[in-house]
Student: 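Once you've had a glance at the structure underneath, I'll fire off some questions.
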2 protein chains.
Amino acid sequence: MTEGRRERADAVRNRRAILLATEELLAHHRPEKISMEQVAAAAGVGKGTVFHRFGNRMGLMRALMEERAYALREAVTDGPPPLGPDACPRERLLAFLDAAVDVIARNKGLLAALGHAVTTSQQPPDERPGTHPVHAFWHAHISTLIAAQRPDLDAELLAHLLLGGLQSDAVLRLLERGESARLAASLRTLVTAALDAPPAADPEAGAGA
Amino acid sequence: MTEGRRERADAVRNRRAILLATEELLAHHRPEKISMEQVAAAAGVGKGTVFHRFGNRMGLMRALMEERAYALREAVTDGPPPLGPDACPRERLLAFLDAAVDVIARNKGLLAALGHAVTTSQQPPDERPGTHPVHAFWHAHISTLIAAQRPDLDAELLAHLLLGGLQSDAVLRLLERGESARLAASLRTLVTAALDAPPAADPEAGAGA
DNA sequence: ACGCTAAGTGGACTGCCGGTCAGGTTGCCG
DNA sequence: CGGCAACCTGACCGGCAGTCCACTTAGCGT
């Protein structure tokens, strides 16, 4: 962000060092036993610096996740089909889910740490800590694509269900065993089935409020 | 459990007091900021007692969850249709998912605390901390029922996806706003669609290993 | 080149928590 | 009633999130 006030060079350097150190730690240790002090030490900076730059554990993990998911976001908003806006919704959805599985598979440790961090640090009650930007964007995208094809379904809720399933502990563990292809295939099956299902025969069906 | 070794009366009393106090705390405070010390104090026992009876935070939450899910388990293994073993798999599955949504909706705080606890306390590496009995049973049941009707699907993975979705933060938050009927309806739609989908036209499809 | 200033930094400090343990207490059986 | 083992307790330990303020230093104006 090129604002009027430029960021000092050492600040930039330290931010990168901290992010880098966090990645390194995440790659070699269980995410829940990584302390902010360890991160600071590994990055070669003081603990205060880490907190100064990222606020708390969740801020740190969130920053890292945003960086990791940046490429996918770009591909979705500006890229070529099948991910980009020029493909038909159905193809976009399936392609996006594949890509999301990929991102998740390559960042399982981070995801676990983030899920943990979301509930670890308590915010003032008027803040919504659970909605980190990546999740929000993914949900909005999935939800929109589902709604585009099946306005009769509760797209928002289905998107939550799908996304939630992807981030669950059990699935993360599956991914750790290298089953990402299996996951992607089943996800495809599930979503395809939902999109192709007959339009809700029972009377009380329909999209939510 | 009528074993040969009987439990001392005060031990039983304390166990109940602790569980009760935990429920009380869970009802009035954010689950992640309930400490074991608070539980002990609220139950009127020493901190050591809590750890003695339940091992750690996860043990406590797990015990509580098992108690809460006991009725559903009974209904599934011994009860009448549509939950019990005398109903057809499809009906059982849909009924079970409805019931599970209900249990989850009535225990969202506990679920959140449990999910949090799973990652909070680290076990020795040879223990599998993530698989608490309730989740294992639910997964096995869903998985079996899906497999019974659609042997061509990857029932185990689909069960993980479904169950994971139900426990996700976003869905828990939805439930907090009283949207459990909406959730149950969409879940039904999704599962019905999966069960009724045409049997995987593409060549590489099929159940996983 | 140089000094000024505010952004940036570090690490000691506070408060709290999970988990342990040695010693005192108490239900229960014979 | 006496003895034993199960049980309870709360002080204690190691460690961590997050705060705070004195100190450093990059970048700019002159």
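Each chain gets a letter, A, B and so on, in the order its sequence line appears, and its residues count up from 1.
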Student: Just how far, in rounded Å, is P of D:dA17 from CD of A:Glu32?
Tutor: 13 Å

Student: Between protein and nucleotides 8-17 of chain C, map the contacts as a letter string: B base, S sugar-phosphate only, - none, heavy atoms under 4.0 Å, written 5' to 3'.
Tutor: SBBBB----S

Student: Calculate the interatomic distance between B:Ile18 atom CD1 and D:dC7 atom P; express it in whole Å.
Tutor: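 Atom-to-atom, B:Ile18 to D:dC7, this comes out as 12 Å.
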
Student: Under the ring-ring contact (aromatic ring centres under 6.0 Å, His included) definition, can you give me all pairs with a residue in residues 56-86 of chain B, not counting sequence neighbours?
Tutor: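 Residue pairs passing ring-ring contact (aromatic ring centres under 6.0 Å, His included), neighbours aside: none found.
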
Student: According to the salt bridge (Lys or Arg N to Asp or Glu O under 4.0 Å) rule, which pairs have a member within residues 18-27 of chain A, sequence neighbours left out?
Tutor: A:Glu23-A:Arg68

Student: Distance check needed: D:dA17 P versus A:Met61 CE, whole Å only.
Tutor: 10 Å

Student: Please enumerate all residues that pass side-chain hydrogen bond (donor to acceptor under 3.5 Å, both in side chains) together with A:Arg16, with sequence neighbours excluded.
Tutor: none

Student: Sequence neighbours excluded and cut-off under 3.5 Å, please list the side-chain donor-acceptor pairs for residues 155-168 of chain A, or say none.
Tutor:
unit_1, atom_1, unit_2, atom_2, d
A:His160, NE2, A:His139, NE2, 3.3
A:Ser168, OG, A:Gly165, O, 3.2
A:Ser168, OG, A:Val171, N, 3.3

Student: Could you label the plane-to-plane angle of the A:His132 and A:His135 rings as parallel, tilted or perpendicular, counting under 30° as parallel and over 60° as perpendicular?
Tutor: perpendicular

Student: Would you kindly give the CE-to-P distance between A:Met58 and D:dC16, to the nearest whole Å?
Tutor: 21 Å

Student: If you find the nucleotide of DNA chain C closest to B:Ala9 and the one closest to B:Phe51, which residue's nucleotide is nearer the 5' end?
Tutor: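 The residue closer to the strand's 5' end, by nearest nucleotide, is B:Phe51.
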
Student: With sequence neighbours left out, write down each residue that passes side-chain hydrogen bond (donor to acceptor under 3.5 Å, both in side chains) with A:Arg188, or none if nothing qualifies.
Tutor: A:Asp98

